[in-house]
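Side chains included, hydrogens not; waters and symmetry mates left out as well; all remaining heavy atoms used. Chain letters run A, B, ... following the sequence lines, proteins first, then strands; residues in each count from 1.
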Amino acid sequence: MISYIIRRFLYAIPVLMAVNILTFVLFFVVNSPDDMARMQLGQKRVTEQAIQNWKHQHGYDLPLLWNQDQQNGKQLTETIFYQKSINLFWFDFGISDSGSNISADIKQRMWPSLALALPSLVIGLVANISMALLLVLFRYSYLELLGSIGCVVLMSVSSLFYIIGGQFFISKVLKLLPISGYDEGLVATKFLLLPVIISVLAGIGSGVRWYRTLFLEEVEKDYVRTARAKGLSETEVLFKHVLKNAMIPILTGVVVILPLLFMGSLIMESFFSIPGLGSYTIDAINRQDFAIVRSMVFLGSTLYIIGLLLTDISYTLVDPRVRLN
Amino acid sequence: MLVLWTDALVYLLVVSSALFAWHLSRQRHMRRPLKKIASNSVAMASLTILLCFVLIGLADSIHFKDANSQANEAISLMDMGVAVLRTSSEKTYSAPFAAYLYSKETVTNPDNSTNWDYPRLVHGGRHLQNPDTDKTADIISKTMVAIMQSTGVMVFIYFVIRHAYLRRHPSLLDNSSAKAVWISLCALIVIAYTLLYLSNYYHVFGTDKIGEDVFYQALKSIRTGLVIGTLTTLVMLPFAIVLGIMAGYFKGWIDDMIQFIYTTLNSVPSVLLIAASILMVQVYMSNHAENFTNLLVRADMRLLFLCLILGVTNWTGLCRLLRAETLKLREMEYILAARAMGVKPATILFRHIFPNVMHIVLISVVLDFSSLVLAEAVLSYIHIGVDPTTHSWGNMINSARLELAREPLVWWSLVAAFVFMFTLVLAANLFADSVRDAFDPKRVS
């Protein structure tokens with residue numbers, strides 16, 4: 001088990017390298033360091049000297065991937081790619097192109113992201129699973145038909161409409177909650193309530209359907225039939241047996257997204273102007289701040305890989321039949 | 001005739017899916033699931049709606065040079081069909097069925113005096129003498145006329161079909177799915193005819209900020225939605241199928257390589273990939289401005305690239321599914337037998353594995369369609385989707401969001417986008433469900 005985990009971590013290194021190269025190439029096909037300097041210094045009346053100074057200060061005055069002027073190994077190390085990548089592996093994100101400390105920014109912005117993502121996940125999960133169980137309990141009835149139709153209808157509405165509709169009716173017409181914004185401490189609840197409700201609502205259609213198929217698959221199995229034959233009521237069967245056994249796919253599905261919660265939701269955060277990591281990334285893309293984009297991508301892919309690893313481990317924990325080797 | 005890149009690919013897609021459908025219907029083991037879909041009335045009704053959307057999209061994919069325009073513009077077959085919608089523009093916002101503009105202006109009266117009032121619209125309700133009193137009655141009577149006319153035609157067609165075919169094929173109009181098709185077709189035609197008929201006199205969904213008819217915009221957006229939903233699939237299928245099957249069948253270093261590629265692609269947030277590629281296209285186009293003089297060609301290029309990049313970010317899911325399925329299949333006796341007899345791996349992959357994973361491909365294609373249509377809206381909304389000049393539901397929603405903050409409120413663009421998008425996605429979801437039920441071997445009941 002431990003050797004498996006170590007091997008998986010070693011395997012992560014080439015993936016992270018590749019991710020780095022990919023972001024690097026994508027970014028520098030579009031921009032040149034000169035463009036970045038102009039973007040940061042302001043488009044108008046920038047002297048050549050100022051651009052050179054900016055590039056030198058931020059370490060963009062080297063060749064991109066291959067330095068011809070250097071020798072023995074320095075051809076690779078004395079490049080923008082090497083200089084900007086190597087520190088990422090120690091989670092030292094450095095200074096953004098506009099001059100702020102990225103690690104500090106991330107530490108600060110991680111909390112709003114979590115404050116939005118975690119309740120959305122938990123409430124969404126509880127809502128989806130209980131609705132799905134209800135549909136399974138009342139299967140072959142009109143309630144199930146109605147529920148299934150409702151799910152497809154909810155699924156077919158774009159999440160944009162949930163957000164726009166929610167902001168419009170709840171905040172603008174009824175004036176129950178603020179339209180957008182964020183505040184420190186407990187006041188934040190007021191601002192988070194609407195985004196959480198909307199993200200739960202937007203996910204409920206596909207979520208309930210997904211869990212319903214999971215439960216239905218489980219309901220067909222032999223042990224459930226045995227339990228019913230023993231004389232257990234349908235509710236007992238569902239809650240004691242089916243739910244317990246369906247926990248495996250549910251849990252593994254949740255584990256993989258847990259680390260990604262830090263990254264926040266791009267769309268929700270930018271709509272509700274919550275100063276989390278998602279809106280941080282979007283802003284950085286718009287400002288073409290290469291340092292932030294790379295740090296966020298690196299962080300995201302690390303978390304993704306950790307998520308994959310956690311899923312594999314959680315398989316062994318909940319299902320003794322799985323052996324990792 | 002003017003063939004845009006996406007047009008050409010759309011035609012290619014139509015031809016290839018027609019060939020594929022023909023091939024599928026000749027396979028004996030495929031007939032059971034196909035029959036199952038055909039006997040499902042919800043599936044057939046939603047297929048009818050989808051096909052109507054596709055028809056509009058196809059008509060909008062046949063472009064011509066506009067003879068009347070100086071600016072080298074192109075118009076499509078659909079534009080010609082709904083010319084009244086395209087040409088009848090107002091100055092700015094007007095509400096659905098309005099006869100007056102939405103904002104006050106200095107109006108010149110017949111006696112050359114001026115006052116500050118809502119001016120009459122150029123197109124909407126211009127046939128009315130006194131809109132305040134006549135409008136409601138006029139709308140009702142015109143709606144009635146349109147419904148009567150279209151229903152009459154449909155009833156006539158019904159009797160013709162009944163007379164011509166029923167003696168030879170008594171089941172044609174008898175079973176429930178045929179009825180569902182017939183009813184949904186009738187409903188769609190009556191609604192479409194009524195809307196178009198009323199469009200000759202009013203802006204049925206109002207006009208937007210620059211006075212363009214919102215109904216026309218929503219119709220034009222159909223093509224964008226369909227192109228993204230289908231062409232993206234066309235891009236991702238070869239990657240997903242070839243790499244997925246190879247990873248599962250060969251194992252070893254090939255498997256490692258392919259897994260490495262898709263883990264890498266998956267771990268980069270897709271929004272970033274899409275944003276970077278769209279920026280790349282824009283930079284390329286501004287550097288090669290001489291090749292992109294036509295606005296339509298420019299927007300088309302960006303649409304094509306969006307499909308490409310969505311395809312690149314989307315193939316990993318299907319690839320993983322196919323890999324898992326192939327891993328299972330390669331241990332089956334018939335594959336072992338083929339290998340023992342010395343059949344080449346390429347032949348095994350093509351003859352034995354590929355047909356047996358086809359159902360997964362089919363299911364994921366129909367399931368992905370609606371999510372791609374929805375994704376387009378979100379991407380256009382954060383400005384990394386289609387070109388701002390392209391008609392798309394995402395762009396409509398995007399502009400509508402600011403309009404919701406106006407006083408008084410401008411709601412009709414949003415509602416029109418909602419209605420069209422919802423209808424398409426709902427039909428696609430319902431159809432996808434029945435395809436999955438029919439083709440998923442686990443769900444045989």
Only heavy atoms, only distances under 4.5 angstrom. Which residues in residues 411-426 of chain B are near chain A?
B:L414, B:A417, B:F418, B:M421, B:F422, B:V425, B:L426

Taking it one step at a time, do B:V268 and A:S301 satisfy side-chain contact (heavy atoms from CB on, under 4.5 Å)?
CA-CA 6 Å; B:V268 182; A:S301 27; 5.9 Å; no

Please check if the number of heavy atoms outside B:F305 that lie under 6.0 Å from its CZ is greater than 12.
no

Is A:E220 close to chain B through its backbone or its side chain, or both, or neither, when contacts mean heavy atoms under 4.5 Å?
neither

Which answer fits A:S159, side chain, backbone, both or neither, if we ask what part of it has an atom under 4.5 Å from a heavy atom of chain B?
side chain

Tell me, side chain or backbone of A:V293 under 4.5 Å from chain B's heavy atoms, or both, or neither?
side chain

CD1-CG distance between A:I267 and B:L379, expressed to the nearest 0.5 angstrom:
7.5 Å

A:K172 and B:L409 have their tightest heavy-atom pair at NZ-CD1, 4.1 Å

Looking only at heavy atoms, what is the nearest atom pair of A:Y304 and B:N266, with distance?
OH-ND2, 3.1 Å

Quick check on B:A377 against chain A: is it the side chain, the backbone, both or neither that has a heavy atom closer than 4.5 Å?
both

What part of B:S370 lies closer than 4.5 angstrom to a heavy atom of chain A: side chain, backbone, both or neither?
neither

Taking atom CG of B:L273 and atom OG1 of A:T23, what is their separation to the nearest 0.5 Å?
8.5 Å

So, the part of B:Q259 with a heavy atom under 4.5 Å from chain A: the answer is both

How far apart are the closest heavy atoms of B:S267 and A:V15, and which atoms are they?
OG-CG1, 4.1 Å

Grab the two heavy atoms, one from A:Y11 and one from B:D256, that are nearest each other, plus how far apart they are.
OH-O, 4.3 Å

Any heavy-atom pair between the side chains of A:R209 and B:N429 that's under 4.5 Å?
no

Residue from A:L22, A:V19, A:L160 scoring the most non-hydrogen pairs under 4.5 Å with chain B is A:L160

If you count heavy-atom pairs under 4.5 Å between each of A:L216, A:L308, A:L16, A:V157 and chain B, which one has the most?
A:V157

Tell me, please, which residues at least two apart from B:R320 pass salt bridge (charged side-chain N to carboxylate O under 4.0 Å, His left out).
none

If I compare all heavy atoms of B:F260 with all of A:A18, which pair ends up nearest, and what's the gap?
CZ-CB, 3.6 Å

Could you report the tightest heavy-atom contact between A:S156 and B:L374, atom names first, then the distance?
O-CD2, 4.3 Å

